[in-house]
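First the structure, in the form of structure tokens, and then the observations on it.
Ligands are counted one by one from 1 in listed order, and the atoms in each one are counted from 1 as well.
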Amino acid sequence: MSANRPAAVVVLAAGEGTRMKSSTPKVLHAICGRSLVGHVVAAARALDPEHLVVVVGHAREQVAGHLAETEADVRTAVQHEQNGTGHAVRMGLEELGRDGVALDGTVIVVCGDTPLLTGETLTALAATHATDGNAVTVLTAEVPDATGYGRIVRAADGAVTAIVEHKDATDAQRAIREINSGVFAFDGQLLVDALGKVRTDNSQGEEYLTDVLGILREAGHRVGASVAADHREIAGINNRVQLAEARRMLNERLLRRAMLDGVTVVDPATTWVDVTVTFEPDALIQPGTQLLGATHVAARAEVGPNSRLTDTTVGEGATVGFSVTDGAEVGPGASVGPYAYLRPGTRLGSKSKAGTFVEMKKADLGAGSKVPHLSYVGDATIGEQSNIGAASVFVNYDGVAKHHTTIGSHCRTGSDNMFVAPVTIGDGAYTAAGSVITKDVPPGSLAVARGQQRNIEGWVARKRPGSAAAEAAQAALQEDEGDK
Ligand code: UD1
Ligand code: CA
């Protein structure tokens, strides 16, 4: 448990985010496999707060629905009209109050659109707040361009006296580059009292949370600030340019951590990972690779180049190149691609192979078995050490229902086979090239299911006289005569 466990964290996520130009609410846009508000909630969890409440307003059903699905323990409070950040916090605290939560202790306020904010920064803010005995501590940052932000006004002795919104600031105040990140630590009781005194006589006619600072200071309480080490961490997302920038920064952070933990990332600029992806040391990631969802890459496995793996487990020493996988399990030492597509329910045993232009779905390939070329394997169980000939299709669909094919161990099936499911090939059986297998094959048998070959001699000379083919045939036949 964290030393400065807050009573509550309030996440503000009621704003509309019009500049996203999207039918999706801003805070539900995702980077690195998690929504913007999801990232903020994850950072807030580092504080181990007693209560976590997200204030929703614009598209509140969608946002609340998303939270109910992904963050079951988070409460939501509704702000029906977006009357300002102070009003939003008031709605959040009133919701907790209705549930009988007493706000004895610290209340942290964060915005729902700052996905790069870390738990470390919040923990540092909470620590400063506690150590300095402040009524309020604001997280600030020095930014290159402060346009649009609230400015931190300090007295000659450095004490924070007020936050002035850009729209309400004088020219002298607009020259200040230290800005309000929108993240605060408050004494809960003092916050509740001060919010009751916030007025709306400003350029936007809103209840500004920032006014709480001046109110508390005038009442003789301590007001402090904590300066963020990296201003980029507190950047809010307003448009899709900023969304892409944040995605790249978060991705870099995730890859940096992986590399420091022993993963080789050949080209971090073209490697994209979700926050949920895990690695073991000496995994090797080649350029142009996306690793998504619950993907795990084990030690000495090599993934990429140019691959997308979703919810896929790659075993020790396995390789996956130029391929797309989803919900697949690639066993140790197995080989996938180039140009394979593994769909949900595919399980490749150790040292098995799904080769070039191979698609597999709900297929279990035993240890050492191979599907090397140009094949579709759907709804199948294949034993160990079997080889599936090139250009084979597991005919699993009769137009209405899917059926299963079982192939035993140590089988050698010919090229260009159709396995018309449901069908079973016994251990050690062979099938002839070009066979359409519709009946079960007993262990150790050779199944041949194709038309017999018939050669009609002299057909070209008779039917295509004078053609190049006829001349070539005649020359070859004469040469054969001469050899005799
Ligand atoms: C706010 C701060 C400003 C700070 C900036 C940092 C105030 C008055 N100003 O300005 O000092 O530099 O954030 O990004 O606090 N929200 C609601 N309900 C509302 C209004 C806002 O939930 O009624 C939420 C928004 O969804 C957003 C956050 O509060 O997550 C900040 O709102 P926004 O409108 O972006 O505030 P700014 O005007 O940028
Ligand atoms: Ca605003």
Open item on the list: Could you check whether Asp73 pairs with Arg45 (Lys NZ or Arg NE/NH1/NH2 to Asp/Glu carboxylate O, under 4.0 Å)?
Closed with: yes

TODO: Report the part of Lys26 in contact with ligand 1, treating N, CA, C, O as backbone and CB onward as side chain, heavy atoms under 4.0 Å; options are side chain, backbone, both, neither.
DONE: neither

Task: Heavy atom of Gly84, distance to ligand 1 below 4.0 Å - done: yes

- [ ] Say whether Ile163, considering both its backbone and side-chain N or O atoms, lies within less than 3.5 Å of an N or O atom on ligand 1.
- [x] no

Task: Proximity flag Ser181 to ligand 1, non-hydrogen atoms under 4.0 Å - done: yes

- [ ] Take Val160 and Val153 through the side-chain contact (heavy atoms from CB on, under 4.5 Å) test and state the conclusion after the steps.
- [x] CA-CA 6 Å; Val160 176; Val153 181; over 6 Å; no

TODO: Run the numbers for me: atoms of ligand 1, each under 4.0 Å from some heavy atom of Asn83, listed by number.
DONE: 23 (O)

TODO: Please answer whether the main-chain N or O of Val55 pairs with a side-chain N or O of Arg75 as donor and acceptor at a distance below 3.5 Å.
DONE: no

Task: Partners passing ring pair (Phe, Tyr, Trp, His ring centres under 6.0 Å) against Phe279 (at least two apart in sequence or in another chain) - done: none

Task: Any N or O of Gly150 closer than 3.5 Å to N or O of ligand 1 - done: yes

TODO: Let me know which of His58, His87, Arg60 forms a side-chain hydrogen bond (donor to acceptor under 3.5 Å, both in side chains) with Gln79.
DONE: His87

- [ ] State whether the side chain of Arg247 and the backbone N or O of Ala30 hold a donor-acceptor pair below 3.5 Å, judged by distance alone.
- [x] yes

- [ ] Could you list the atoms of ligand 1 found under 4.0 angstrom from a heavy atom of Cys111?
- [x] 28 (C), 30 (O), 31 (C)

- [ ] Indicate, as side chain, backbone, both or neither, the part of Ala88 found under 4.0 angstrom from ligand 1 when only non-hydrogen atoms are considered.
- [x] side chain

Task: Atoms of ligand 1 close to Gly112 [distance to a heavy atom under 4.0 angstrom, numbered from 1] - done: 30 (O)

TODO: Using distance alone, determine whether Gln204 and ligand 1 share an N or O pair under 3.5 Å.
DONE: no

Open item on the list: Apply side-chain contact (heavy atoms from CB on, under 4.5 Å) to residues Val78 and Val56 and explain how you reach the verdict.
Closed with: CA-CA 5 Å; Val78 177; Val56 299; 4.3 Å; yes

TODO: Could you please spell out the steps behind the side-chain contact (heavy atoms from CB on, under 4.5 Å) verdict for Asp379 and Lys361?
DONE: CA-CA 6 Å; Asp379 300 294; Lys361 182 216 74 168; 2.9 Å; yes

- [ ] Let me know which of Lys26, His39, Gln242 forms a side-chain hydrogen bond (donor to acceptor under 3.5 Å, both in side chains) with Asp113.
- [x] Lys26

Task: Per-residue contact class, His87 against ligand 1 - non-hydrogen pairs under 4.0 Å - done: neither

Open item on the list: I want to confirm something. Looking only at heavy atoms, which of Gln79, His58, Lys167, Glu16 is nearest to atom 18 (N) of ligand 1?
Closed with: Gln79

Task: Which residues share a side-chain contact (heavy atoms from CB on, under 4.5 Å) with Ala401, sequence neighbours left out - done: Asp398, His403

Task: Glu165 N/O to ligand 1 N/O under 3.5 Å - done: yes

Task: His29 and Thr24 side chains, donor-acceptor separation under 3.5 Å - done: no

Task: Per-residue contact class, Ile179 against ligand 1 - non-hydrogen pairs under 4.0 Å - done: neither

Open item on the list: Below 3.5 Å, N or O to N or O, backbone or side chain included: is there any such pair between Thr210 and ligand 1?
Closed with: no

Open item on the list: I want to know if ligand 1 touches Thr85 in the polar sense, i.e. an N/O pair below 3.5 angstrom.
Closed with: yes

Task: Distance-only N or O hit between ligand 1 and Ala14, under 3.5 Å - done: yes

TODO: Give the single entry among Leu12, Ile237, Val10 that approaches atom 24 (C) of ligand 1 most closely by any heavy atom.
DONE: Leu12

